[in-house]
Chemist: 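Pasting in a structure now, in structure tokens, and then I'll have a few things to ask.
These numbers were taken from a predicted model, which means no experiment stands behind them. Note on naming: letters A, B, ... go to the chains in the order of the sequence lines (proteins, then strands), and numbering restarts at 1 for each one.
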Amino acid sequence: MYALVDCNSFYCSCERLFRPDLESRPVVVLSNNDGCVIARSDEAKQIGVPMGAPFFQYRDLIESNQVAVFSSNYNLYGDLSMRVMDTLRGMVGESNVEVYSVDEAFLDMGQNFDGKIAGSLKERVEQWTGIKVSVGAAPTKVLCKVANRLAKKHKEATGCSLVLRDEADIRQALEETEVGDLWGIGYRYAEKLRQLGITTGWKLACMPGEWVRKNLGGVTGLRIHRELHGEACIPFKDPLENKKMISTTRMFGKPVTLKNEIREAVATYTARAAEKLRRQQGAAGSVEVFLVAESGGKFSYHPVKSALSARLPKATMLTHELSRYTLALADALFESGPRYLKAGVILSDLVPDERVQGNLFTAKSREGDRYLMEALDNINFSQRDEKVKFGASGLTKAWKMRQDCKSKRHTTRWKELAIVR
DNA sequence: TCTGGGGTCCTAGGACCC
DNA sequence: TCTGGGGTCCTAGGACCC
């Protein structure tokens, strides 16, 4: 049996933790650049603020209902997420927790599953961290998702925790689940399935496997289908696995037209991506840079993307080596004229740093560079906020994103500690 | 007139997730 | 004026190999 533990309206819960006065007020959290709504408390959902809604379109609704609005504060959410995950690890063992996202984890509950543990997991997390969670348990990951969704949907009846054990439970749950609400069935497939009259999870489960393989993206669809029948096909992932790709991409706070500003942004994003790369002790064999520009058309929002990539002669984790390439790509991409909205840097072909293949022509020892990176990361990690950086990243950063309603980093900065009087 | 069979590797693009 | 960021997996098709 597996269990899925999912934090309720996670970002909103984090904000409320330090603002108890918001307990019964609607709360929303905005994406970077204060662009769209990415988290809503139950009250905000009831008022009718949809997920992903552009903030400017819903501003009136939000203001007239006195919704508390926050810019996203990833320092705070990341830290609270760690506390939740640590609590879970303490209860079921480190190797039985797969952190699926910042607010979700799958737990491997083993063979002798006792239904009561679902409740105690929930209680302990809430007591130790102050974050409310929902628990769904079932024989497969897809069914855990179904259970979790229903646990949330029927809060009063389930107490936010639901176990699907035998076939009767599963059938009933699937009959109540719309096909598009299944994990792995997105907008496109849901549409297609509905056209064919397959409206619920149960109806999909009743289709023959071969049909599913043909019509639902091959083996991916087949896996979901089998999971609906209680056959676990989506493996429990090793928590120590490294990323295969690392990217840093951002919208600009306002459109950018100057080459220098594009270069600053690309240098900054390269430095951030390289930092993530070093954290997993990796080195990148390829880099890609992309720019997104406004389209000429006045009445439509159709940004134009252009991208270039380069393969490095030797995989590296050094910021200054990586940015030599990313800046050259940025120069090649840039045109004067377009108003640029966004840029991004993607590192791929990642290999573990110690296994970097030697190259006959770059024999020079790079120990010094390595120490430099280590020192840089240490300073920036403990002091934060880019205390030390490369000049190419720029000092003014006119293009930086907007964050007008950001809360304090209560748990990760001494200076921003909450004050209680 | 008639032109094999069995592979691998790479890339682009689609679909999905939170 | 204003629409996020960071990932994963899979497939099809082309180039190339013997």
Chemist: So, do A/Met109 and A/Ile117 sit near enough that their side-chain heavy atoms are less than 4.5 Å apart?
Modeler: yes
Chemist: Identify whether any heavy atom of A/Leu182 sits under 4.0 Å from a base atom; if not, whether one sits that close to sugar-phosphate; answer base, sugar-phosphate or nothing.
Modeler: sugar-phosphate
Chemist: Any salt bridge between A/Glu264 and A/Lys400, counting N to O under 4.0 Å?
Modeler: no
Chemist: Aromatic rings A/Phe390 and A/His320: how do their planes relate, parallel, tilted or perpendicular, breaks at 30° and 60°?
Modeler: tilted
Chemist: To the nearest angstrom, how far is A/Lys243 atom NZ from C/dT8 atom P?
Modeler: 7 Å
Chemist: With a non-hydrogen cut-off below 4.0 angstrom, is A/Ile185 in contact with a base, only sugar-phosphate, or nothing?
Modeler: sugar-phosphate
Chemist: 5'-most contact on DNA chain C: A/Gly217 or A/Phe252, nearest heavy atom basis?
Modeler: A/Phe252
Chemist: Would you kindly give the OH-to-P distance between A/Tyr11 and B/dC18, to the nearest whole Å?
Modeler: 12 Å
Chemist: May I ask you to evaluate whether A/Lys342 reaches the phosphate of C/dT3, defined as a side-chain N or O under 4.0 Å from OP1 or OP2?
Modeler: no
Chemist: Under 4.0 Å, counting only non-hydrogen atoms across every strand here, what does A/Val219 touch: a base, just sugar-phosphate, or nothing?
Modeler: sugar-phosphate
Chemist: Let me have DNA chain C in dot-bracket notation, would you? Count Watson-Crick plus G-U wobble pairs, both distances under 3.5 Å, and use [ ] for pairs crossing earlier ones and | for inter-strand partners.
Modeler: ....||||||||||||||
Chemist: Taking the side chain of A/Ser247 as heavy atoms from C-beta outward, which of C/dG7, C/dG5, C/dC10 is closest to it?
Modeler: C/dG7
Chemist: Going by an N to O cut-off under 4.0 Å, is there a salt bridge joining A/Lys155 and A/Asp42?
Modeler: yes
Chemist: Taking only the side-chain heavy atoms of A/Tyr189 (C-beta and beyond), determine which of B/dC16, C/dT8, C/dG5 contains the nearest atom.
Modeler: B/dC16
Chemist: Would you mind telling me which of B/dC16, B/dC18, C/dT8 lies closest to the side-chain atoms of A/Arg188?
Modeler: B/dC16
Chemist: The side chain of A/Arg223 is closest to which nucleotide in this list: C/dG7, C/dC9, C/dC2?
Modeler: C/dC9
Chemist: With under 30° as parallel and over 60° as perpendicular, where do the rings of A/Trp183 and A/Tyr100 fit, or are they tilted in between?
Modeler: perpendicular
Chemist: On DNA chain C, nearest-nucleotide positions of A/Tyr74 versus A/Thr220: which is more 5'?
Modeler: A/Tyr74
Chemist: With sugar-phosphate meaning primed atoms plus P, OP1 and OP2, does A/Phe55 contact a base, only sugar-phosphate, or nothing at under 4.0 Å between heavy atoms?
Modeler: nothing
Chemist: How many Å lie between CG on A/Asn215 and P on B/dG14, as a whole number?
Modeler: 19 Å
Chemist: Side chain of A/Thr248 only, please: which of C/dT8, C/dC9, C/dG6 is the nearest?
Modeler: C/dG6
Chemist: Given C/dT8, C/dG4, B/dC18, identify the nucleotide with an atom nearest to the side chain of A/Asn32.
Modeler: C/dG4
Chemist: Taking only the side-chain nitrogens and oxygens of A/Lys145, find out if one of them lies under 4.0 Å from OP1 or OP2 of B/dC18.
Modeler: yes
Chemist: Could you tell me the separation between the NZ atom of A/Lys237 and the P atom of B/dC17, rounded to a whole number of Å?
Modeler: 15 Å
Chemist: Is the distance from OP1 or OP2 of C/dG6 to the nearest side-chain N or O of A/Thr249 less than 4.0 Å?
Modeler: yes
Chemist: Return the value, rounded to whole Å, for the distance between atom CZ of A/Arg311 and atom C1' of B/dC10.
Modeler: 9 Å
Chemist: Charged N to carboxylate O below 4.0 Å: is that the case for A/Asp79 and A/Arg409?
Modeler: no
Chemist: Of the nucleotides C/dT3, C/dG5, C/dC9, which has the atom closest to the A/Arg250 side chain?
Modeler: C/dG5
Chemist: Among the nucleotides B/dC18, C/dG7, C/dT3, which one has an atom lying closest to any side-chain atom of A/Lys276?
Modeler: C/dG7
Chemist: Taking the six-membered ring for Trp, are A/Phe252 and A/Trp399 parallel (under 30°), tilted (30 to 60°) or perpendicular (over 60°)?
Modeler: perpendicular
Chemist: Among the candidates B/dC17, C/dT3, C/dC10, find the nucleotide nearest to the side-chain atoms of A/Gln57.
Modeler: C/dT3
Chemist: Tell me the interatomic distance from A/Asp34, atom CG, to C/dT3, atom C1', rounded to whole angstroms.
Modeler: 12 Å
Chemist: Run through A/Arg19, A/Glu15, A/Glu416 and flag the one making a side chain to side chain donor-acceptor pair (under 3.5 Å) with A/Ser407.
Modeler: A/Glu15
Chemist: Roughly, in whole Å, what's the span from CG in A/Asp349 to P in B/dT11?
Modeler: 8 Å
Chemist: Between C/dG4, C/dT8, B/dC18, which nucleotide gets closest to the side-chain atoms of A/Ile38?
Modeler: C/dG4
Chemist: Kindly state whether the ring of A/Phe334 and the ring of A/Tyr340 have centres lying under 6.0 angstrom apart.
Modeler: yes
Chemist: Rounded to the nearest Å, what distance is computed from the CH2 atom of residue A/Trp183 to the C1' atom of nucleotide C/dC9?
Modeler: 12 Å
